[in-house]
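Read the structure below first, then the notes.
Note: hydrogens, waters and symmetry copies are ignored here, and every other heavy atom, side chains too, is used.
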Amino acid sequence: MIDERARFGEVKKGKKPGVQSKLAEELYQSLKEDVLTAPKRVERRGTLPCAFGKGGTCCRVCNMGPCQVVEGVEELRGVCGASAATVVARNFARMVAAGTSAHSDHGRHVAKLFYEAVHGEVPFEVKDKRKLRVVAQALGVDPSLPEDEMLKRMADTALQIFSQQEGEIVLTHRAPKPLLEKWRKYGVVPRGVDREVVELIHRTTIGVDQDYRNILMGAARCSLADGWGGSMVATELQDLLLGNPQPIRAKVNIGLGVLKPDHVNVAVHGHDPLLADALVMASYDPEILSLAKKVGAKGINLSGICCTGNEVLMRKGIPVAGSFIQQEVAIATGALEAVVVDVQCIMQNITEVARHFHTAVITTSPIAKMEGAVHHPFDEKRAIDVAKEILKVAIERYPQRDPAKVRIPDSSIDVVVGFSHEAIMYILGGRFRASYKPLNENIINGKVRGIAAIVGCDNYRVDEPIQVELAKELIANNVLVLATGCSATQLAIAGLLSPEAAELAGPGLREVLEAVGCPPVLHMGACVDNSRPLISATEIVHTGGLGEDIYQIPAVGCAPQWMSEKAVAIGMYFVTSGVQVVFGPDFPTLGSKVVTDFLFYEIEKYFGGSWRVARTANEFANIMIDRIDFGRRNLGIDKPKPRVLFDMAMRRALDSARYAPTFHGLGCFGPHAVRAEEKQES
Ligand code: BF8
């Protein structure tokens with residue numbers, strides 16, 4: 001265990017930590033020696049991360065410590081007697097609570113905005129009327145109510161998901177029934193997001209829950225409040241307010257086309273798409289354009305970083321400049337007038353890099369201020385006005401740009417993004433019969449071996465883009481890849497989000513992709529949108545032929561360079577939903593064998609999912625393909641034989657289930673209802 005931990009953070013000879021690409025290396029090299037960047041900080045720290053902290057065996061929940069504990073050594077328990085298992089489980093659970101709180105505070109913000117929008121208090125309105133009634137049903141609101149009343153009830157229910165003290169978060173009822181019943185049996189159905197987070201923090205304080213299994217089941221419950229609660233609210237209501245992503249062409253990478261030398265360049269960075277959306281609209285405002293022209297620029301050019309970038313990429317086709325580990329290099333181009341940040345994954349160090357350029361770092365959230373930044377609070381009530389004020393700050397910086405410092409490489413990449421779970425239904429199911437049936441059939445007949453989600457962060461302690469090699473290996477083995485977050489950006493930059501990349505796929509997958517013109521890696525959005533693959537998995541189950549529960553689908557997930565606590569919460573809700581999740585290049589419980597065994601093996605008996613750890617792309621691919629093949633064997637679809645998906649009796653049973661107005665999966669209530677709704681719109 002200790003050896004495994006100690007290997008993390010080692011940088012191979014000739015490699016640079018956190019750089020991961022030639023382009024980033026060149027941009028970093030262009031900086032003066034005295035600019036302290038994150039890769040330099042990794043090198044200058046000169047030490048590997050603390051082995052106790054890494055393995056989860058440092059306890060600092062009281063002032064008798066910090067206690068560094070060692071499993072199996074009686075003298076090296078905590079002062080209070082806490083065992084390594086207790087300490088490791090507590091630390092893991094606290095990561096889940098922190099990650100859940102981050103996604104859910106974001107979700108609450110969106111729910112509050114939705115409430116204000118339907119009560120006419122903010123200038124936002126529902127854009128996606130088609131999805132509206134599906135979400136209403138998922139929230140337990142009667143979709144046949146008059147729209148005004150339905151919207152108000154939806155807003156109340158969405159807020160209640162956070163504040164509810166008892167009962168079950170209603171969105172968990174979207175899960176396949178057998179899974180929901182397991183959650184009920186083991187007492188992990190979340191009651192309300194706030195309650196689960198507060199309780200988990202409480203039970204992991206000094207002298208409360210000391211049974212590692214009980215703590216980890218608490219973490220499971222809290223994580224479900226994230227995936228099937230806070231995150232799902234964020235995704236679904238953002239889709240309603242800002243539009244449901246649909247496949248769209250765009251550009252990524254730090255390069256010409258993403259950044260424009262003759263424009264005022266503004267990067268949006270963080271996670272909240274609301275301000276970014278307003279900035280997009282404000283960038284076309286005649287007053288703003290005329291101000292930009294006055295300072296000699298041709299206009300305003302927006303790009304994105306991290307998950308705010310993914311949000312505007314998915315919905316508007318605004319280019320993404322980079323992932324988490326590219327936030328400094330974007331500034332190092334010398335061509336950014338402003339980086340507008342909201343919340344999460346914004347490194348404190350960007351102000352250090354920005355101060356060597358003319359770039360303004362503009363904070364906009366009252367809960368996320370930074371030293372060295374300009375604070376300009378976002379107010380949804382005057383969204384466009386605030387966005388214009390922010391753009392004016394950027395415009396003022398344009399004349400200060402030093403042409404001698406500008407380096408915009410010629411390296412942008414074309415991508416197709418915007419694969420919401422609904423878009424996948426249309427792309428693979430056909431324009432007039434949105435369905436996962438063709439996907440299921442192709443999994444059953446073996447053309448598509450299975451599905452792998454590559455999600456999560458990139459990490460300055462890692463020296464190679466593991467995701468890219470892994471994705472290539474998976475698609476060559478006929479595995480369809482779904483991606484979100486910074487992993488999606490890495491894969492986009494590697495060119496895997498273009499339909500032409502289908503030629504890298506194995507023959508079966510390639511045939512399916514080329515028939516519909518789809519890339520082999522489907523970008524499903526930001527980290528908070530990991531609720532989308534949950535809904536897709538549920539819909540695959542409901543479509544039929546691949547088991548009755550998510551754990552039976554030949555599907556697997558991974559986060560090869562996880563960095564944030566949010567990734568731990570996401571991983572845990574996937575595991576608790578029945579998915580095997582592979583983390584790398586390390587795992588936060590390796591300091592306790594019993595805790596790790598629980599998470600890697602025992603938990604599978606309860607929910608069907610489990611954790612694994614891998615370090616290289618090869619290790620990831622082996623574990624993930626093995627899991628997919630295991631699923632295929634269990635379903636009896638591992639042999640290449642023609643198979644009839646449904647006989648007529650099954651088909652009739654399925655059709656009657658689909659036409660019944662119950663919620664499941666996407667909350668579909670049958671093609672007739674959708675047609676009626678479309679009629680209404682027209
Ligand atoms: O939420 S993938 S580095 S930006 S935590 Fe952060 Fe990780 Fe990127 Fe989005 Ni997610």
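Between the Asp458 side chain and the Ile325 main chain, a donor and an acceptor come within less than 3.5 Å of each other. Checked by atom type and distance alone, the side chain of Ser487 never pairs as donor or acceptor with a backbone atom of Ala483 at under 3.5 Å. Counting only distance, with no hydrogens or angles, the side chain of His119 and the backbone of Tyr115 share a donor-acceptor pair below 3.5 Å. Gln327 places a side-chain N or O within 3.5 Å of a backbone atom of Cys345 that can act as its donor or acceptor partner. Under the 3.5 Å distance criterion, the side-chain polar atoms of Glu352 are matched with a main-chain donor or acceptor of Leu36. Looking at Ser283, its side chain does come within 3.5 Å of a backbone N or O of Val280 through a donor-acceptor pair. Using a distance-only test at 3.5 Å, with no hydrogens or angles considered, a donor-acceptor pair links the side chain of Ser21 to the main chain of Ala24. In this structure a side-chain-to-backbone donor-acceptor pair under 3.5 Å is missing from Thr364 to His375. Looking at Thr308, its side chain never comes within 3.5 Å of a backbone N or O of Pro273 through a donor-acceptor pair. Panel note: side chain Asn310, backbone Gly485; a donor-acceptor pair is recorded below 3.5 Å.
Nearest heavy-atom pair across Val581 and Gly571 is CG2-O, 3.7 Å. Residues Asp226 and Gly99 approach most closely at OD2-O, 3.9 Å, considering heavy atoms. Heavy-atom minimum distance, Ile300 versus Leu391: CG2-CD2, 4.1 Å. The two atoms that bring Leu279 and Ala387 nearest to each other are CD2-O, 3.6 Å, heavy atoms only. Contact between Cys306 and Ser323 at its shortest, heavy atoms only, is SG-C, 4.1 Å. When every heavy atom of Met347 is checked against every heavy atom of Ala38, the shortest pair comes out as CE-CB, 3.9 Å.
Classification of Glu389 and Arg382 as a salt-bridged pair holds, one side-chain N sitting under 4.0 Å from a carboxylate O. For the pair Asp285 and Lys388, the salt-bridge criterion is met [side-chain N within less than 4.0 Å of a carboxylate O]. A salt bridge between Arg133 and Asp128 is absent, with no side-chain N of the basic residue lying under 4.0 Å from a carboxylate O of the acidic one. We find that Arg461 and Glu43 are not joined by a salt bridge, their nearest charged nitrogen and carboxylate oxygen being 4.0 Å or further apart.
The side-chain heavy atoms of His376 and Thr363, taken from C-beta on, include no pair separated by under 4.5 Å. By the 4.5 Å heavy-atom criterion applied to side chains, Ile384 and Pro123 are not counted as neighbours. Put simply, the side chain of Ile318 does not reach to within 4.5 Å of the side chain of Val268, judged on heavy atoms. Asn253 places a side-chain heavy atom less than 4.5 Å from the side chain of Leu23. For the pair Trp562 and Asn459, the minimum side-chain heavy-atom distance is 4.5 Å or more. Considering only heavy atoms from C-beta on, Asp272 comes within 4.5 Å of His109 through its side chain. With contacts defined as side-chain heavy-atom distances shorter than 4.5 Å, the pair Asp277/Lys316 qualifies. In this structure the side chain of Phe419 reaches within 4.5 angstrom of the side chain of Pro247, judged on heavy atoms.
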Assess the residue pair Val233 and Phe114 against the criterion (side chain to side chain contact (heavy atoms under 4.5 Å, CB included)); give the C-alpha distance rounded to whole Å, side-chain angles, the decisive distance to 0.1 Å, and a yes or no.
CA-CA 10 Å; Val233 168; Phe114 186 81; over 6 Å; no
The test is side chain to side chain contact (heavy atoms under 4.5 Å, CB included); show your working for Leu336 and Val266 and say whether it passes.
CA-CA 6 Å; Leu336 278 183; Val266 177; over 6 Å; no
Does Lys381 form a salt bridge (charged side-chain N to carboxylate O under 4.0 Å, His left out) with Glu121? I'd like the steps, not just the answer.
CA-CA 7 Å; Lys381 291 194 173 70; Glu121 295 165 15; 5.3 Å; no
After noting the C-alpha distance and the side-chain angles of Val341 and Ile362, does the key distance pass the side chain to side chain contact (heavy atoms under 4.5 Å, CB included) rule?
CA-CA 6 Å; Val341 304; Ile362 304 174; over 6 Å; no
For Thr489 and Leu313, run side chain to side chain contact (heavy atoms under 4.5 Å, CB included): C-alpha distance rounded to whole Å, both residues' side-chain angles, the deciding distance at 0.1 Å, then the answer.
CA-CA 10 Å; Thr489 305; Leu313 174 78; over 6 Å; no
Just do the salt bridge (charged side-chain N to carboxylate O under 4.0 Å, His left out) check on Glu287 and Lys392 with the steps written out, would you?
CA-CA 10 Å; Glu287 183 200 353; Lys392 285 176 190 170; 3.1 Å; yes
Derivation and outcome, salt bridge (charged side-chain N to carboxylate O under 4.0 Å, His left out), residues Glu422 and Arg130
CA-CA 11 Å; Glu422 294 89 346; Arg130 188 180 180 114; over 6 Å; no
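Tested against His106, the residues Gln344, His271, Gln238 include a single side chain to side chain donor-acceptor pair (under 3.5 Å) partner, Gln238. Applying side chain to side chain donor-acceptor pair (under 3.5 Å) to Asn265 and the options Thr333, Asn301, Thr359 leaves one that passes, Asn301.
With values rounded to the nearest 0.5 angstrom, Ser536 atom OG is found 6.5 Å from Leu482 atom CG. Here the NZ-CG distance, from Lys127 to Leu242, works out to 6.0 Å after rounding to the nearest 0.5 Å.
Between Tyr460 and Phe324, the distance separating the two ring centers is shorter than 6.0 angstrom.
Other residues, nucleotides and ligands contribute at most 12 non-hydrogen atoms within 6.0 Å of the CD atom of Glu125. In the displayed structure, Gln400 atom CD is contacted under 6.0 Å by more than 12 heavy atoms of other residues, nucleotides or ligands.
For Leu31, the side-chain contact (heavy atoms from CB on, under 4.5 Å) partners two or more places apart in sequence, or in a different chain, are Tyr28, Val35, Thr37, Ala332, Phe357. Here Glu396 pairs with nothing under the side chain to side chain donor-acceptor pair (under 3.5 Å) rule; sequence neighbours left out. The salt bridge (Lys or Arg N to Asp or Glu O under 4.0 Å) check on Lys112 picks up Glu116, with sequence neighbours excluded.
No side-chain donor from either of Ser531 and Ser231 sits under 3.5 Å from a side-chain acceptor of the other. Under the 3.5 Å distance criterion, with hydrogens and angles disregarded, no donor-acceptor pair is assigned to the side chains of Asn530 and His103. Residues Ser420 and Asn244 bring a donor and an acceptor atom of their side chains to less than 3.5 Å of each other. Side-chain contact check for Thr235 and Asp529: at least one donor-acceptor pair (N or O, by modelled atom type) lies under 3.5 Å.
Contacts classified as salt bridge (charged side-chain N to carboxylate O under 4.0 Å, His left out) and involving residues 291-311 (residues at least two apart or in different chains) are given here: Asp262-Lys298, Glu311-Arg315. Counting only residues at least two apart or on different chains, the salt bridge (charged side-chain N to carboxylate O under 4.0 Å, His left out) pairs with a member in residues 325-343 are Glu337-Arg401.
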Please tabulate, for the side chains in residues 403-410, all donor-acceptor contacts under 3.5 angstrom to protein atoms that are two or more places apart in sequence or on a different chain.
| residue | atom | partner | partner atom | Å |
| --- | --- | --- | --- | --- |
| Lys405 | NZ | His356 | O | 2.6 |
| Arg407 | NH1 | Lys405 | O | 3.2 |

